[in-house]
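Data first, discussion second: the structure below is written as C-alpha cells.
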Amino acid sequence: MNVEAAELKKFADAAHTWWDPEGPFATLHQLNPLRVEWIESLAPVAAQRVLDIGCGGGLLSEALAERGATVTGIDLGERALKVASLHALQGGLSIEYRLAAAEQLALERPGGFDLVCCMEMLEHVPRPDSVVHAAATLVRPGGWVMFSTLNRNLKAFALAIVGAEYLAGVVPKGTHDWSKFIRPSELAGWARAAGLQPVAFRGLEVNPLDRRMRLSSNVDVNYFLACRRPS
Ligand code: SAH
C-alpha cells in the first residue's frame, strides 16, 4: 500500500491534540479559514459531495460540512479518525469518516465526488503521484480537485523546516522531510498525467513579525493547486 508507517506514527502520537488550536496543529487551525475561503471562491461547497483525503482530525472536513457539503473524510491514521468522528458527533455534524487509502476508495466510488481535497498530505506519502491519480478518478467529470503541499527549494527548507520546526517551534520537529517536498511543476505534471487540468495556484505567506497568514501568488513554500476534471 502507498503509505509509510513512520509517517503515520508521527501523526498518531499527536492525534489527541488535533483540536487544540494552540497545539502541534496550530498552523493548520490558522490556515483553515483561508483555504476554505479559497476553495469556496472556485467551487462553492453547499450541497456538494466532498471527499477529504488525509483528513486527519477533520479540520477541513468539518469546515466544509458546516458550509453545507456532504463530506467523506479518509485517512490511514486510526487515532485521527477516532478523534475526527468524536469531534463531529459533539458538534452535531454528520460526516462519514473511513479508514481507507485514496487508491482503495477510487476502486469503490469512481466519479463519486463533486470536489476532492487533499491538503498537506502528499508530502507524507511514498508515491504522491498515485494519490493524485486516485483523486482524479474519484472526482466526477467537471468536478474540482484541490491539493496543497510544500515546495522543494532552499527557501521552503529554511522557512518550513528550520524556521517553523526549529526556530519558532510552531510545527513539531521532524514533521517534515525536505526530500519529500513537491515542486509546483511536478504536482501540475502529475495532475495532467492523471487527466486533470491545473487551473489555479495560490501560495501561503506568513508575516514573520506577527505570524499572520494570507494567501498570495507566491508559491515558494506552502502552496495550493486547484484542478478541474474536464467535463
Ligand atoms: N489534511 C488535513 C491533515 C493533514 S496532516 C489538514 O490539512 O488539516 C497529514 C495527514 O495525512 C495525517 O492525518 C496522516 O495520518 C495522513 N496520512 C499520511 N500518510 C497517509 C496515507 N498514505 N494515506 C492516507 N493518509 C495519510
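Ligands are counted one by one from 1 in listed order, and the atoms in each one are counted from 1 as well. If you're wondering where the values come from, they're calculated on a predicted model, not measured in any experiment.
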### Query
Would you call R35 a ligand 1 contact, heavy-atom distance under 4.0 Å?
yes
#### Entry: Element-labelled atoms of ligand 1 that are located less than 4.0 Å from some non-hydrogen atom of W18
3 (C), 5 (S), 13 (O)
### Message
Between E186 and R152 (salt bridge meaning N to carboxylate O under 4.0 Å), is one present in this structure?
### Response
yes
#### Entry: pair Y223-S148: side-chain heavy atoms closer than 4.5 Å
no
### Message
Determine whether a donor-acceptor pair (N or O, by modelled atom type, separation under 3.5 Å) exists between the side chain of W144 and the backbone of I39.
### Response
no
### Task
Tell me which one of L99, L81, V125, D75 gets a heavy atom nearest to atom 12 (C) of ligand 1.
D75
#### Entry: Side chain, backbone, both or neither: C118 near ligand 1, heavy atoms under 4.0 Å
neither
### Query
Does at least one non-hydrogen atom of N2 fall below 4.0 angstrom from an atom of ligand 1?
yes
### Query
Which bit of L76 is near ligand 1, meaning a heavy atom under 4.0 Å away: side chain, backbone, both or neither?
both
### Query
So which protein heavy atom does atom 5 (S) of ligand 1 come closest to, and at what separation?
F11 CE2, 3.4 Å
### Query
Quick one: does E103's side chain have a donor or acceptor within less than 3.5 Å of a partner on N2's backbone?
no
### Task
Give the contacting part of M119 toward ligand 1: side chain, backbone, both or neither, where contact means a heavy-atom distance below 4.0 Å.
both
### Query
Which of the listed options, L8, L59, V3, holds the heavy atom that is closest to atom 18 (C) of ligand 1?
L8
### Task
Determine, step by step, whether L64 and D52 satisfy the side chain to side chain contact (heavy atoms under 4.5 Å, CB included) criterion, reporting the C-alpha distance in whole Å, the side-chain angles of both residues, the deciding distance to 0.1 Å, and the verdict.
CA-CA 10 Å; L64 298 177; D52 186 8; 5.9 Å; no
### Any side-chain heavy-atom pair of F25 and N32 under 4.5 Å
no
### Query
What is the ring orientation for F11 with W18, classed by angle as parallel under 30°, tilted 30 to 60°, or perpendicular over 60°?
parallel
#### Entry: Top protein contact for atom 2 (C) of ligand 1, by heavy-atom distance
G54 O, 3.2 Å
### Query
Can A80 be said to touch ligand 1, with heavy atoms closer than 4.0 Å?
no
### Message
Starting from atom 9 (C) of ligand 1, what is the nearest protein heavy atom, named by residue and atom, and what distance separates them?
### Response
E120 O, 3.4 Å
### Task
Just jot down the ligand 1 atoms closer than 4.0 angstrom to any heavy atom of G56, in number order.
13 (O)
### Those atoms of ligand 1 less than 4.0 Å from some heavy atom in C55
2 (C)
### Message
Heavy atom to atom 23 (N) of ligand 1, shortest distance: which of M121, K10, R127 holds it?
### Response
M121
#### Entry: Basic-acidic side-chain contact under 4.0 Å: R127, E4
no
### Message
Quick one, R109 with E96, criterion salt bridge (charged side-chain N to carboxylate O under 4.0 Å, His left out). Give me CA distance, side-chain angles, the key distance, then yes/no.
### Response
CA-CA 14 Å; R109 293 198 219 168; E96 179 194 25; 2.9 Å; yes
### Task
Return yes if some donor-acceptor pair links the side-chain N/O of Q48 with the main-chain N/O of L115 below 3.5 Å, else return no.
no
